[in-house]
Amino acid sequence: MVITDPVYFIALPLLTAFLLPLFGKIYKPLIGIIPGLVFAFLAYISFDLYLNLVPGKPIIIQMAGWAPPWGINLVFSEFSGLIVTLITFLAFLVWVYSYNFKKVGFDNSKKYFTLLMLMVAGSIGVVLTGDIFNMFVFLEITAIYSYGLTAFYKGRDSAEAAFKYLLLGSLSSVFILLAILLLYKQVGTLNMADIAVKAQSIDPKMKSIIAILFFVGLGIEAEMFPMNGWVPDAYSQAPGPVAASFAGMLAKSGIYALIRVFYTVLEVKGVFDLLLIMGLLTIIFAEFSAMRQKHLRRMLAYSSIGQMGLIMVAFSFNTKAGIFAGLFLMFNHAIIKTLLFLSSGFLTYSTKQKKIRDLDGFGKIMPFTSLMFGLGAFAIVGLPPFSGFWGKLNMLVATADSNLYFVIALILLVAVVEIVYYFKVIGRLYFRQQHKDVEVHNPTWNAILAMSILAIVIIGVGIYPDLITDYLTKATNELFDKAGYIHSVLPNLSLN
Amino acid sequence: MGTKVSKLNKFTYTWLILFLVWLGFTSTFAFAEVVTGILLSFTVAIFSYNSFTYDGLKIFSPKRLMYIVQYFFVFMLALIKANIDVAKIVINPKLPINPGIVEFDSKLKSPFAKLILANSITLTPGTITVDIIDNKYFIHWLYVTGTDQETTYKEIAKQFEDILIKIYN
Amino acid sequence: MKKVVVIGSLGVIVYYLLSAFVAIPFGADIIKGVKEFYLQKSPDDLKVANVVTSIVVNFRGFDTLGEVTVLFLASTALGSILYHRRSQHSGLNPQRTSVEASAIVQTGAKIIFPFTVILGAYIFIHGHLTPGGGFQGGAIIATGFLLMLISYRKFFIKHNALTWIEAIAGSTFVILGLFGLIYAKNHDFLENFLPAGKLNDLLSGGIIGIIYIAVGFKVGAEITGILDTLLTVKETGLDPEEN
Amino acid sequence: MNYIGYFLISIGTIFLFLGGLGILRMPDFYTRLQAGTKASTLGAMSSILGIGFLQPEWFIKTFIIVVFIAIANPLSSHALARGSHKAKQMPFLKDEKIGDAYEAVEEKLHKNQKKEDKK
Amino acid sequence: MNSLVLLILIIAGGALLSYFGHKINKILGNITVFAVALIIPIYWFTQVDFTETVSFTVSGFHMELGYNMYGKLFSMIVMILSPLALIYAIGYMKDQKKLATFYFSFLFSILGMTGILMSRDFVSLFIFWEIMTWSSYLLVIFLGKDVQKTGIKYMVFSAIGAYAMLMAIVIIYKNTGSMMLSDYFGSFAGFTLQTKLLTGILLLLGFAVKSAVMPLHVWAPGAYSNTPMAYTSVFSGALSKMGIYGLGFVVVNLFAQANLEIVGYVLAWMGAITAVLATFSAVFQHDAKKLLAYSSIAQLGYIVTGIGIGTELSIMAGLYLAVLHAAFKGVLFMVVGAVERQAGTTDMNVVSGLARKMPFTFFTALIAIIALAGIPPLGGFVGKWMLYESLINNSNFLMVIMIFLSSTAAFLYCFKFLFGLFLGQQEPEFDHVKEASPVMIIPMLLLSVFLLVTGAYPGIVFKYVAEGMTNLGFHDVNWQMSVLTNAWGDSVNVQHVYLSVVVVFVAFLIFITWRGYKHSTKISTKDISSSGEMIKPEDNMTYAMDFYKPFQRVLQPILKWKINKYYEDFGKGLEALFDFMRRIYTGNGQTYAVYVIIFLAILLIFSKSIFGY
Amino acid sequence: MDLFFIIIISVISLGAVFAIIRFIKGPTASDRVMALDTLSVMLIAVLVILGFLMKRYIYIDVSLVYAVLGFIGVITIARYLEGGI
Amino acid sequence: MQEFLTYSIYGTAFFLMLLGLYAVLMKKNLVKIVIGLTVLDSGLNLLFVAVGYISGGTAPIFSPAVVGKHVIMTDPVPQALVLTAIVIGFGVTAVALALVVRLYRKHNTTNIDEIKNLKW
Ligand code: NA
Ligand code: NA
């Protein structure tokens, strides 16, 4: 069966989420099985759609029978389709990983899977929608998902983390709404392509205020310094697979929104310089903070922020090379960080404090999980022959291409810092004596499967990056071609 | 409370009242609206009839209806009188008040009667029902003329309760 | 110090934003955009009197699906934040508090409760004709339940029933949307496939009315669930094992 | 009909005004509740009914509002009074002989309730 | 299939086979390792077609693998030393755990080195460079000692070096649009001076770290001594040569041709300084491993000096020394490993007089030490001779003095090494010590034989060195099998020297043995008394104790100057800075909200300058 | 809008101003709630009057909803004050 | 008049937003912070409605009284958006309150300055 309508990416998870409690009443294990089937199906159709995409001809879907700009539309293009495919793939893996969620009880696993379905629908919605307000709605869906699942476990400081996230998230939505309101009043439309056409006539001062509001609002979601205080807390307190989904899916949709707005919707001079500076500051503060962390998850969280900063820097070049590198980094970050969070979930399973110090000698008692973590660490710091290397190399080439030598130096300097803290962990895992007896929680077969698939992707892309570079190039061209986007969404519009 | 009221009786009463409310909301006799209203009030009545009423359709007996009308007029009279009293107090620069909380016993048994008495007392200016514990009413009184139960009962509740007993007991 | 910084920053922000908004004078009709289209199509094509409604449920119906999702999400999230396992502990339902409401409030609540339900239903059934809609109607029904919850210590809502209502209502929305893919003219998600009817009639606006009813039920059930969870929280002290 | 309407609206307006004045002037919460909330309730009922007379096709609905206010507002005033008293907000008393009959009873009640809950 | 690709696959496959072999059981694992150790060099020497190339485009970068003579020269070092070390490891690592990881990393580092030497483009060069780095890192921390200190130090310096290289690579790519080395060399002359210096120096920095040039050497003593000795022989012998390999083509191919010889001079000076300081440090080590580690740094210093000078003769000297160093350091680390394994320690204050217990080991150590010390007749002498010649030719007399000084001082540590471990009184507690197993002895002996042969026929090495130098632009390098020519046209027949020195050598042997016996008392340390005072058991009376105390006193001021400390202080300062910076994450959600507001306000205030409307 | 209704609305507004002053002054939470309750009652009346003036039936619905929400809001706060929530 | 209306209505909305923001940023009590968020939201919602207003416009509803006549109607789009925004705000507030309940139970305080186990 070939489904040509990307609306299923949103409709199906929503329908499943709504009906999941009923399935649970019919037969309890369905709570776990149905989401898996849905994710598998979504992953399948996303691959199918993406691979059959005709270049330059994105799939444009209108809602409720109204063509854009009257109605809301979805755009499944080389760029958005790539991210969607990535999200569905990771969603499926996260499901595989957490399928045996027995420990938390039936009621909670019901909530967990329901929330997971909604989050997938939300982050896909952010990526696919062609309407600025609709994007806001989907961003809120992902935000509330995060608040709920960050606070999922009691006993930890999870509520504290979630509250901080909520505080900043609420500010973010206020600013985004203000921006949308101002924008609407200027152009009288909410369709992104339509805005893109009409935005040229906006008074530059007004435009700059709108841009700033978007920048701050979306910057919070994209983990930009100095608005990322919530990130380390949320990542470290959420359940392992949830933290993985933050890094792999949520952060992706946040940065996607930021990119889409500034590349396609609002062309504002100077915003990319700002993005460069903020991206660099994000990297510096995050990586330096990561260096001094004693808790594994917090370290990973700060490292994630650093990666997001790097992605921002890549996109700030506003060149094809930069976009390509940014996409590569996004791909790597999604895959590798997911692996790191998934494996760290089992590494820190039995220690309450989740301190790095407690991991001494785990390489021996939890060989597979440690290996996966080690692999992830090697890959994320950009060592060949893993996929992280190609992202970093392309990133540096793009930076050099923009003549920003000091940025190269800075990125590499920070990479050294990254190496130091990741290798400290590896040193502890493999080359230290285990200092006390710990209860070993070896991963379940499904967790092993999920992690193995990620590892295979990391090594596969590392050895042969051209597995994905073609798609990244296509996505790059799509994002860079603003007129093409406008034309596909509003074919009847005469651009003069 | 008298004789036991059948469920059907209660249900019909609830259905009828809710349907009337619906008609009031829509203020139309358009076919679709009326049918919707019948179905809706039926549905809502199913799960609320048991608590919505104790007396059911019995309330519509002519004798009771007559008392209800009487009560209405008595209440309006008291209301107007009391309002003028309080208006005087508010406008008076000296604020001639003497507040306190007093109590009296009521003979009413039906919860609905109790509610109506309490609301009537509250609505008449100068008095507020603070609480009812069993049969004891506690009233905040703006201008206390006496604290013994007989005085308070006579001043505050008697005129209402006399009629309410006839309707509900 | 912090105060000075905050007030200073807020001052700056308000200055700039207000100056931006003042540039759009209040009441001025300065833009010609999609709204003209909506004002024209809503009564003519959709036969929906309330243009806001036709936007909410038809033109931008996808937003509303998102909104329904937000509420569903919030109620589920709330459940996961404040979960409690009643059945497994002591066999008794937890009581909300030790102070019972006064007898007359309880009696009053019994009378007003069905009234609010009828009102809420009235509002979402007439959502396409009046300013209300599924959300408002559902919210009013939920406040009716709130009244009962705060008036009775032992008023317990059957979560089972809420679950069913939520599930059926939510999926009705999505399935109606999917029907649009099959039966509607343009084969779009959420597109109307029913006859539009006559303007200002109860049975007008095609699927809008049905969607609003579904939304009303769903919202009512969800907010009720949220309120119940918020009001009936009792710690069980049990933490799911961490992973 | 119209004259009844205008009359009711005028009366209602006066009471609404007096209600505002009352809650401003009275010395404590309970007396404000007496003077303010109630006067405004009556005022609102009166003016809404007045509109009902002016626009007869709206009469039923205005009547529903009035009935609702008649049931609900005294209830909320009562609930507020009770709640405040239980929140240890004691009424202003001018005359020493006139006391607070509710205070002692409430105390006892509270203790009994706690015992009950323990069972 | 392309023989180069197949070579890579064989090594990678060998790594995986050894890994899984050792996972299954030890014997199977050892058999696999042994087989792999034989197959790799045999394949390389017999099957690899050095004219073959293979190229592919990955992620938009054109990549090409293919040997040249210069790479082949270094590859020979790898291909001879590494298999021997692998075989040695079978014996040396017998009682260790995690052997799967050990051999996997070992073979991957061989893979890395092999790849580096056949990379014709920067991407593959960097990839293999990184593979080499992380695999050697895993071996540095393998024993779990000083994981945080030594391991991280090694990794940090390697990373700094690698990333300097990476930065150079991307800048090169930006300027040439190609990742090929040849394109870089070809268009170098056309670069601006800034680009020339930036790319060249960054590359040099990357290679200099691996060559342990001061002040980038601080990782080396710890890393060399911390690693299992079976690997250290490769680490010091072959892996460090990858740095030399890079320095060679950068200095000679680029700077020499671009009239920027000054860069080479600076490098040469750094090498000379490295040689002197590291030699002095080596002298005062009491741990034989540390001694050899510093000695390695010093030797690399000579080589760097030779490369840096950049003349035909100096490069020849450098490359010749590089080959020899691989052989004698390979042997010496194996020796120390054998001692460590058999005697349990390598502390020269503890162990002594093992010559009779471990005769073969002693013999190979002796050969290697002679080669190292630059005493005729062995190869070290030839190398030094050529180095002096080239320095004198270029009138670098100060450098001659420095190298001479360090060579002289090198005698001291050579002497200490021999005496400390093998000569002097044999303590009863080492009575049980036996000779190491044949698996360990044979590789050592083979390398010693190589040293002896090249001593008499240095031309064997010269042949390949000269071949390699063609790729550095020196097309007709003169060399003869056994004749050295000096700057004034005099020539020396090495074989004459060789023969005459054998006599001297025997005399020397007698001398040191006699001296050792004279200075050591025959009494056990347990029951002696002196001047009526009982010597406590903790008083160490072994021969190596305070071996060069007076000398040390003289050099105190120089030795106090520890560059390591500066790095550590710098590191601590950075950590403090990081700690300070992360305070921005106060933990108070409200503060975070305030940040957002402040940020928004700042953006609004500066909106005009940011967005330039 | 004739003079009558201008006067009516002005007078009610004046009453509302008193209520607002009480809301601001407090001093207790109960006082504020009461002031809010009074205000909402005034608002309901004004909404109905405005609906009449603008001939928009919708305002009646709005005021009805407002009345219900106001009532339940006050009850909720009252229950909170007495510790019933 | 126009200007006065502009400033007073936008001013009211901004005042509410400012009030809410100030509470969010300065109040120590978690509950007050949440209330601040809701006030902030309502100011924003008011702003939406105000921006959608068109002078002399009625609510965009084609009731029988309006059908057929030419009337100016207010912009329905911001009104539709604000409905969505309100619902979302409600959802977020509910979650926020739930978190406050959790925090209060764990820390026995609602002072945000005392709730910072996670830092640096
Ligand atoms: Na509506
Ligand atoms: Na809505």
Side-chain angles (χ1 to χ4, degrees), chain A residues 132-134 136-141 143-148 150-151 153-178 180-182 184-186 188-190 229-230 232-237 289-290 292-295 297-298 301-302, chain G residues 10 13-14 17 20-21 24-25 30 33-34 36-54 75 77-78 80-107 110 112 114-120:
Chain A
I132 194 91
F133 187 80
N134 197 237
F136 163 78
V137 173
F138 282 114
L139 273 175
E140 288 299 305
I141 291 178
I144 296 177
Y145 153 84
S146 324
Y147 310 150
T150 300
Y153 285 135
K154 291 184 178 180
R156 300 185 185 177
D157 287 307
S158 57
E160 182 188 335
F163 191 80
K164 288 175 198 171
Y165 189 4
L166 186 138
L167 207 56
L168 293 196
S170 302
L171 290 183
S172 150
S173 48
V174 167
F175 298 137
I176 295 173
L177 274 179
L178 276 172
I180 290 175
L181 181 56
L182 277 175
Y184 172 74
K185 202 60 188 180
Q186 298 298 311
T189 178
L190 294 164
W230 60 271
D233 299 2
Y235 279 47
S236 60
Q237 295 300 311
S289 303
R292 301 295 292 158
Q293 293 306 314
K294 291 191 175 68
H295 296 85
R297 286 283 206 77
R298 272 184 95 71
Y302 279 111
Chain G
Y10 289 164
F14 269 93
M17 288 171 67
L21 259 180
V24 170
L25 299 174
L30 289 176
I33 290 174
V34 175
L37 282 176
T38 60
V39 174
L40 175 59
D41 271 351
S42 21
L44 184 62
N45 295 337
L46 180 61
L47 195 63
F48 259 87
V49 176
V51 164
Y53 182 75
I54 288 166
D75 189 344
V77 177
L81 301 188
V82 87
L83 287 177
T84 307
I86 289 170
V87 172
I88 290 173
F90 172 82
V92 172
T93 308
V95 174
L97 285 175
L99 289 174
V100 171
V101 170
R102 277 270 301 272
L103 286 172
Y104 179 73
R105 275 197 218 133
K106 183 169 171 83
H107 297 262
T110 52
I112 194 166
E114 291 169 35
I115 301 175
K116 40 181 187 183
N117 286 352
L118 305 168
K119 55 184 165 186
W120 298 324

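Lettering follows sequence order; numbering is per chain, from 1. Because only heavy atoms are used, hydrogens play no part in the values below, and waters and symmetry mates are left out as well, while side chains stay in.
Annotation: side chain of L21(G) is in contact with side chain of L171(A) (closest heavy-atom distance under 4.5 Å). Residues K185(A) and P78(G) form no side-chain contact, since every pair of their non-hydrogen atoms from C-beta on lies 4.5 Å or further apart.
At distances below 3.5 Å, at least one donor-acceptor pair connects side-chain atoms of K164(A) with backbone N or O atoms of L118(G).
For K119(G), the part lying near chain A is the backbone, with the side chain staying farther off; criterion is any non-hydrogen pair under 4.5 Å. Neither the backbone nor the side chain of R292(A) comes within contact range of chain G; no heavy atoms are under 4.5 Å apart. Contact of L47(G) with chain A is made through backbone and side chain together, with heavy-atom distances under 4.5 Å. Of the atoms belonging to L190(A), it is side-chain heavy atoms, and not backbone ones, that fall under 4.5 Å from chain G.
Comparing L81(G), L37(G), I115(G), V95(G) by how many heavy-atom pairs each has under 4.5 Å with chain A, the most go to L81(G). Comparing P232(A), A162(A), S289(A) by heavy-atom pairs within less than 4.5 Å of chain G, the highest count is held by A162(A).
In this structure, the separation between OG on S173(A) and CD1 on I88(G) is 8.0 Å, given to the nearest 0.5 Å. Once rounded to the nearest 0.5 Å, the distance linking OH of Y184(A) with CG of D75(G) reads 3.5 Å. Remark: H107(G) NE2 to E160(A) CD distance equals 5.0 Å, nearest 0.5 Å. How far CG of L44(G) is from CG of L177(A): 5.0 Å, rounded to the nearest 0.5 Å. With rounding to the nearest 0.5 angstrom, the CG atom of L30(G) is 4.5 Å from the CZ atom of F163(A). For the atom pair OG1 of T84(G) and CD of E140(A), the computed distance is 11.5 Å after rounding to the nearest 0.5 Å.
For the residue pair S158(A) and R102(G), the shortest heavy atom distance occurs at OG-NH2, 2.9 Å.
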